[in-house]
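Proteins come first, then strands; the chains are lettered A, B, ... in the order of their sequence lines, and each starts at number 1. Keep in mind it's a predicted model, so treat the numbers as computed, not measured.
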Protein chains: 2
Amino acid sequence: MNIGEIAKRAGVSRSTVSYALSGKRPVSEETRWKIQQVVDELGYRPSASARALANGRTSTIGLVFPPAGDHYTGMQLDFIGSVVEAAAAHDYDVLLSPSGVDSDRSFQRLLGERRVDGAILMEIRLEDDRVDHLAALNFPSVAIGRTAHPEDGWWVGLDHTELAAACVHHLADLGHRRVAFVNRPEQLVRAGYESAHRGLDGFTKAAAERGLTVRTYCCGDNAASGQACVEQILRDDPATTALVTLNEAALGGLYRGLAQACRRVPRDFSVTGVVAGRWAETVTPQLTAADVPAAEMGRRAVDLLVERLDHPDAPPRHHLLTPPISLRASTGPAGVTPTADAGSGTTA
Amino acid sequence: MNIGEIAKRAGVSRSTVSYALSGKRPVSEETRWKIQQVVDELGYRPSASARALANGRTSTIGLVFPPAGDHYTGMQLDFIGSVVEAAAAHDYDVLLSPSGVDSDRSFQRLLGERRVDGAILMEIRLEDDRVDHLAALNFPSVAIGRTAHPEDGWWVGLDHTELAAACVHHLADLGHRRVAFVNRPEQLVRAGYESAHRGLDGFTKAAAERGLTVRTYCCGDNAASGQACVEQILRDDPATTALVTLNEAALGGLYRGLAQACRRVPRDFSVTGVVAGRWAETVTPQLTAADVPAAEMGRRAVDLLVERLDHPDAPPRHHLLTPPISLRASTGPAGVTPTADAGSGTTA
DNA sequence: TTGAAAGCGCTACCAT
DNA sequence: ATGGTAGCGCTTTCAA
């Protein structure tokens with residue numbers, strides 16, 4: 001059933017039906033009522049394809065996120081959820097595109113076939129061909145994260161440098177002198193992931209500033225890798241008393257590794273990092289961490305995109321967030337020097 | 001740029017360009033080459049809206065999942081991820097719709113405006129108006145989960161009854177006599193969530209069969225609720241020595257509650273349930289559980305849907321999965337009767 | 001092997 | 001306040 005059918009039954013022209021429904025032109029009370037009557041009776045809804053073709057807008061935004069290498073992290077889930085709900089609030093639907101790079105089929109479809117009015121990009125790299133490509137096309141998009149050249153882009157990001165530094169200062173204030181850094185997987189670091197690089201930077205600089213002895217590690221996005229990573233850390237330097245991590249998915253494994261090495265948290269060993277709040281609260285003891293405000297970021301990204309869609313020539317806007325560290329239960333004062341054999345007691 | 005432009009530059013008609021691109025009609029080698037040349041040069045891609053309007057297919061499938069009440073669980077993430085990737089493999093895009101019920105705006109848009117060729121439904125209720133509605137319309141869809149009347153539907157589901165029963169038998173075999181059941185939030189149970197109901201059924205029947213003393217609880221989808229739930233369990237019956245849970249998101253809190261009540265897992269207390277594998281592995285000790293094969297289920301759902309889209313009159317198909325329990329480290333023989341004061345030692 | 005043209009269902013301009 | 005109609009860009013019949 002189409003608009004012509006409605007027009008016929010209501011005894012008016014198709015354009016009148018269109019206007020009555022869109023409200024883009026005044027329609028007499030009586031006519032409007034008659035049309036609404038027919039529409040309700042038949043349960044008519046205009047075809048999205050036809051409308052998109054006619055007015056050039058799809059009322060859909062694309063959400064571009066990388067294909068699961070290993071799998072997805074909880075934070076990604078939070079982003080997806082918040083973006084979808086924020087978009088729904090603006091009456092936009094969300095089309096998912098698992099694309100890590102510019103050349104992915106799905107990404108090309110999104111843009112080339114004009115399936116969406118705008119896009120939100122996740123998992124930004126410092127040099128990101130997707131961002132560059134969209135910028136070159138002046139295609140409306142907002143990044144969750146920022147590249148090495150964020151000046152004139154649209155994005156909402158986290159100040160990972162600052163956050164990682166805050167973690168270091170927190171630990172240093174507690175007296176820790178030998179601290180490890182647990183990053184995302186090496187593959188992602190090599191790919192230039194923003195959070196991994198800026199986080200590492202912030203950690204390294206702050207540690208130097210405080211005169212700490214540090215070691216840095218990459219770690220797979222899963223519990224087993226986290227456990228292995230802790231074993232490696234304690235093997236490399238049994239005197240390590242704390243760690244900072246960006247790797248949410250490894251967190252459970254990090255805790256397990258510590259437990260098996262008989263390092264009690266936070267008595268013998270402090271753990272902190274940058275992690276979405278609700279995941280920080282699932283571990284015991286709960287993680288003291290800079291809480292990634294994923295829901296807020298997703299919402300803001302959508303708001304920014306909608307603004308950009310409504311005002312094609314608006315100047316670039318962005319939000320850089322620096323959430324505070326939430327003090328929970330995983331950090332404490334550095335105790336007496338841990339005995340070396342506590343470290344060597346690690347089980348395989 | 002449109003197909004007419006390509007036709008002009010290639011010196012052929014628009015229909016020839018269309019056929020050259022779709023391959024639905026033979027085109028001379030020479031002509032095809034010329035067209036491809038122009039297409040590549042201009043980077044032409046046909047408009048998805050125009051194509052959808054012309055041939056009635058959007059090459060998009062809808063993924064309907066409930067709006068985050070509290071938030072999303074890890075399992076939901078796994079489903080979303082696997083559905084998106086499986087769809088991409090079939091060259092379908094995925095449109096997300098956060099709709100709990102039939103009447104949600106987003107759900108109505110999906111169907112009424114014909115934005116998608118078919119849909120995959122998550123979080124099925126025993127009586128689910130979305131499923132009924134789609135069935136009545138004969139709209140191609142596949143449910144992840146099954147209603148109370150699954151006979152002639154398309155779905156891929158988990159045998160929660162069997163799975164929960166298997167957990168009970170496992171515990172009973174280990175000598176546990178007093179076992180608690182930790183379900184999803186009461187709100188979801190009331191709404192009729194399939195997994196919550198069938199799981200509870202399976203638990204109850206198997207426990208009766210084995211002559212166990214049981215108590216059942218509802219629990220919010222987060223760590224704090226899990227912790228509170230364990231406290232309640234030990235308060236209600238300090239002699240409880242094991243629990244079965246379907247509540248993945250509460251798992252960390254369950255463990256924490258146990259730790260704070262000084263019940264060591266698995267020495268003093270056994271924990272098991274139905275949980276996606278990778279989440280079972282993030283807790284310490286790792287959870288012995290029936291692993292929800294989320295990735296496989298998502299993939300199968302897409303395969304089923306694509307089959308249904310390709311063969312509109314194919315008879316209903318479905319998959320009922322019963323994954324085995326993966327023995328990890330959270331269950332053990334029931335020990336000596338726990339002392340009552342271990343329970344009363346619970347902190348608030 | 002190719003072309004012409006009639007839609008697909010809607011929007012929005014131009015009339016009245 | 002309303003109607004007629006020309007597109008939007010593609011697919012697909014019908015003809016040649």
Using heavy-atom distances to pick each residue's nearest nucleotide on DNA chain D, tell me which of Arg51(B) and Arg25(A) is more 5'. Arg25(A)
When you compare the side chains of Arg115(B) and Thr60(A), does any donor N or O come within less than 3.5 Å of an acceptor on the partner? yes
Just to confirm, is there a sub-4.0 Å distance from OP1 or OP2 of dT11(C) to any side-chain nitrogen or oxygen of Asn55(A)? no
How many Å lie between CG on Leu21(A) and P on dT11(C), as a whole number? 8 Å
Between Lys24(A) (NZ) and dT11(C) (P), how many Å, whole number? 7 Å
I need the Leu111(B) CG to Leu134(B) CG distance, nearest 0.5 Å. 5.5 Å
Check the distance between dT1(C)'s P and Ile35(B)'s CD1 and give it to me in whole angstrom. 13 Å
Quiz item: Tyr19(A) side-chain donor-acceptor pair to dC13(C) base, under 3.5 Å: yes
Reading DNA chain D 5' to 3', which nucleotide is the first, and which the last, to come under 4.0 Å of any heavy atom in chain A? dA1(D) to dG9(D)
State plainly whether the residues Asp104(A) and Arg130(A) are in salt-bridge range, i.e. N to O under 4.0 Å. no
Closest to the side chain of Arg14(B), out of dA5(C), dC13(C), dG9(C), is dA5(C)
Do Arg9(B) and Glu5(B) meet the salt-bridge criterion of a basic N to acidic O distance under 4.0 Å? yes
Tell me what Ser15(B) touches on the nucleic acid: a base, only sugar-phosphate, or nothing, going by heavy atoms under 4.0 Å. base
Are side-chain heavy atoms of Lys34(A) and Val12(A) found at a separation under 4.5 Å? no
Determine the contact category for Ser28(A): base if any of its heavy atoms lies under 4.0 Å from a base atom, sugar-phosphate if only primed atoms, P, OP1 or OP2 are that close, otherwise nothing. sugar-phosphate
Taking atom types as modelled and ignoring hydrogens, do the side chains of Glu123(A) and Gln76(A) form a donor-acceptor contact shorter than 3.5 angstrom? yes
Measure from CZ on Arg45(A) to C1' on dG9(C) and round the result to the nearest Å. 15 Å
Mind checking Thr31(B) for me? I need base, sugar-phosphate or nothing, with any heavy atom below 4.0 Å counting as a touch. sugar-phosphate
Assess the side chains of Thr16(B) and Ser13(B): does a donor N or O sit below 3.5 Å from an acceptor N or O? yes
